[in-house]
Amino acid sequence: MTEEDLVVIEHCKKTLSDLHKEYDALNLYEKESKKAVKHDIYLEIATCESIIDECRDEVNSSSLEEIKEMLNVVYHMQLGEHNGRESALVKLDEITSKFLSSKKYKENVNEKLLEGFRSDMDLILGIKEILEDRLFVVRHKRRWFFFPQTILIQRYEKLLADFESIEVKIRENFTRVSEIITSYIVESFHYIYLYFSYIIRYFLHAENQLVLVEIAASIDRFINVMQPLVKSTTLKNENLRNFYVIYELNTLKELIVKHYE
């Protein structure tokens with residue numbers, strides 16, 4: 001066993017210990033996930049399509065003054081004689097933070113929790129790649145130089161299996177938390193979509209690039225919580241609703257991007 005092997009193994013053990021402390025205690029969603037209600041994905045998509053059509057008609061038929069009044073009255077913004085930049089940024093953060101979290105549980109379920117899962121998954125995938133490389137090297141040496149390292153191979157294989165076990169827990173927890181937040185977004189999509197449509201149109205007219213950049217960043221935050229944990233070449237049915245909502249949000253963001261091209 002080389003010094004490099006010792007360093008890799010010790011680092012992996014330390015990382016595994018830290019991950020076990022976090023995920024062995026994180027059983028908040030396990031019981032709930034078993035009772036999860038199945039959604040009619042196609043019905044939800046059809047509902048979203050109907051909502052978006054209504055929103056587009058409403059926004060397109062509204063004058064700038066009507067949009068400003070709607071933002072002031074319904075969304076409690078303060079758009080007076082000036083462009084209302086400060087009011088817009090405060091309201092934008094308030095709405096974004098509200099819909100990217102859920103207080104259904106004692107521990108707040110929010111986008112930061114999902115970001116933590118993504119970070120841990122990236123860490124695990126990186127470590128697994130290193131372990132697989134080390135396994136290849138050790139097996140190659142044994143084959144060509146008759147240098148038996150069965151114990152070292154077994155250690156690497158055990159570490160890989162342990163990381164894969166933690167990976168399953170991360171996937172399960174991410175899926176459950178993402179579903180909680182995404183369902184909340186879909187349930188309130190009329191309010192969210194109309195809000196973004198109004199403020200984008202208003203601030204495009206005001207030519208306020210700073211606010212528009214912040215709006216685009218907020219839309220990205222919504223999109224991020226609905227993205228799968230790991231990219232796949234296969235589109236699964238349970239992801240259809242998410243990808244539809246992501247597509248519509250991206251379409252709104254494109255209004256900003258194209259305006260400044």
Using the test side-chain contact (heavy atoms from CB on, under 4.5 Å), find all partners of T47 that sit at least two apart in sequence or belong to another chain.
L43, I51

Give the cluster check for L210 versus L92: same hydrophobic cluster or not, with ILVMFWY residues linked at side-chain heavy-atom distances below 4.5 Å.
no

Donor-acceptor under 3.5 Å (S165 side chain, A161 main chain):
no

Any non-hydrogen side-chain atom of C55 less than 4.5 Å from a side-chain atom of H190?
yes

Output the distance between atom CD1 (I256) and atom CD1 (I200), rounded to the nearest 0.5 Å.
4.0 Å

Connected via hydrophobic side-chain network under 4.5 Å: F99 and V90
no

Once rounded to the nearest 0.5 Å, what's the spacing between atom CD of E214 and atom CD of Q209?
11.5 Å

Do the charged groups of K91 and E94 touch, with an N to O distance under 4.0 Å?
yes

For the pair N60 (side chain) and R56 (backbone), establish whether a donor and an acceptor sit closer than 3.5 Å, ignoring hydrogens and angles.
yes

Identify the two heavy atoms, one from Y195 and one from A88, that lie closest to each other, and give their separation to 0.1 Å.
OH-O, 4.2 Å

Over 12 non-hydrogen atoms of neighbours within 6.0 angstrom of CD in E132:
yes

Testing the 3.5 Å rule here: is there a donor-acceptor pair between the side chains of E179 and S183?
yes

Would you call R221-E115 a salt bridge at under 4.0 Å N-O?
no

Do the non-hydrogen side-chain atoms of Y247 and I223 ever get within less than 4.5 Å of each other?
no

Can you check whether L19 reaches I124 side chain to side chain, under 4.5 Å on heavy atoms?
yes

So F222 and F196, would you call those rings parallel, tilted or perpendicular, with 30° and 60° as cut-offs?
perpendicular

Does any part of the side chain of L89, heavy atoms only, come nearer than 4.5 Å to the side chain of D93, both counted from C-beta?
no

When you group the ILVMFWY residues by side-chain heavy-atom contacts below 4.5 Å and let the links chain together, are V257 and L252 in the same group?
no

Search all heavy atoms of G116 against all heavy atoms of Y23 and return the closest pair with its distance.
O-OH, 4.4 Å

Answer yes or no: is there a side-chain heavy-atom contact under 4.5 Å between H205 and I67?
no

List the atom of E248, the atom of I52, and the distance in Å for their closest heavy-atom pair.
CG-CD1, 3.1 Å

Of all the heavy-atom pairs spanning L100 and V225, show the shortest one and how long it is.
CD2-CG2, 3.8 Å

Is there a donor-acceptor contact under 3.5 Å from the side chain of S87 to the main chain of Q78?
yes

Donor-acceptor pair, R134 side chain versus I9 backbone, under 3.5 Å?
no

List the steps and the verdict of salt bridge (Lys or Arg N to Asp or Glu O under 4.0 Å) for R171 and E167.
CA-CA 6 Å; R171 287 176 185 271; E167 185 179 338; 2.9 Å; yes

If you group Ile, Leu, Val, Met, Phe, Trp and Tyr by side-chain heavy-atom gaps below 4.5 Å, do L240 and M226 land in one group?
yes

Given K68, E66, E58, the one that forms side chain to side chain donor-acceptor pair (under 3.5 Å) with Y198:
E58

Report yes or no: do Y202 and V213 belong to one cluster of Ile/Leu/Val/Met/Phe/Trp/Tyr joined by side chain heavy-atom distances under 4.5 Å?
no

Hey, are the side chains of Y184 and S101 touching, using non-hydrogen atoms and a 4.5 Å cut-off?
no

Beyond-backbone contact of N250 with K253, side-chain heavy atoms, under 4.5 angstrom
yes

With a 4.0 Å cut-off, would you call E172 and K169 a salt bridge?
no

Does the side chain of E54 come under 3.5 Å of the side chain of Y193 through a donor N or O and an acceptor N or O?
no

Closest contact, heavy atoms only, L113 versus V109
CD2-CA, 4.4 Å

Charged N to carboxylate O under 4.0 angstrom, R118 versus D122?
no

Once you round to the nearest 0.5 Å, how far does CD1 of I127 lie from CD of E129?
11.5 Å

Relative to each other, are the rings of Y191 and Y75 parallel, tilted or perpendicular (30° and 60° limits)?
tilted

Gap separating the CG atom of L16 from the CD1 atom of I166, nearest 0.5 angstrom
6.5 Å

Less than 3.5 Å apart, any donor N or O on the side chain of H259 or E207 sitting next to an acceptor on the other?
yes

Nearest-0.5 Å distance that lies between atom SG in C48 and atom CG in D53:
11.0 Å

Minimal non-hydrogen separation, M77 against I199, with atom names:
SD-CG2, 4.1 Å

With rounding to the nearest 0.5 angstrom, report the CE to NZ distance, M121 to K128.
8.0 Å

Hey, are the side chains of T175 and L229 touching, using non-hydrogen atoms and a 4.5 Å cut-off?
no

Under 6.0 Å from the NE2 atom of H11, do we count more than 12 heavy atoms belonging to anything else shown?
no

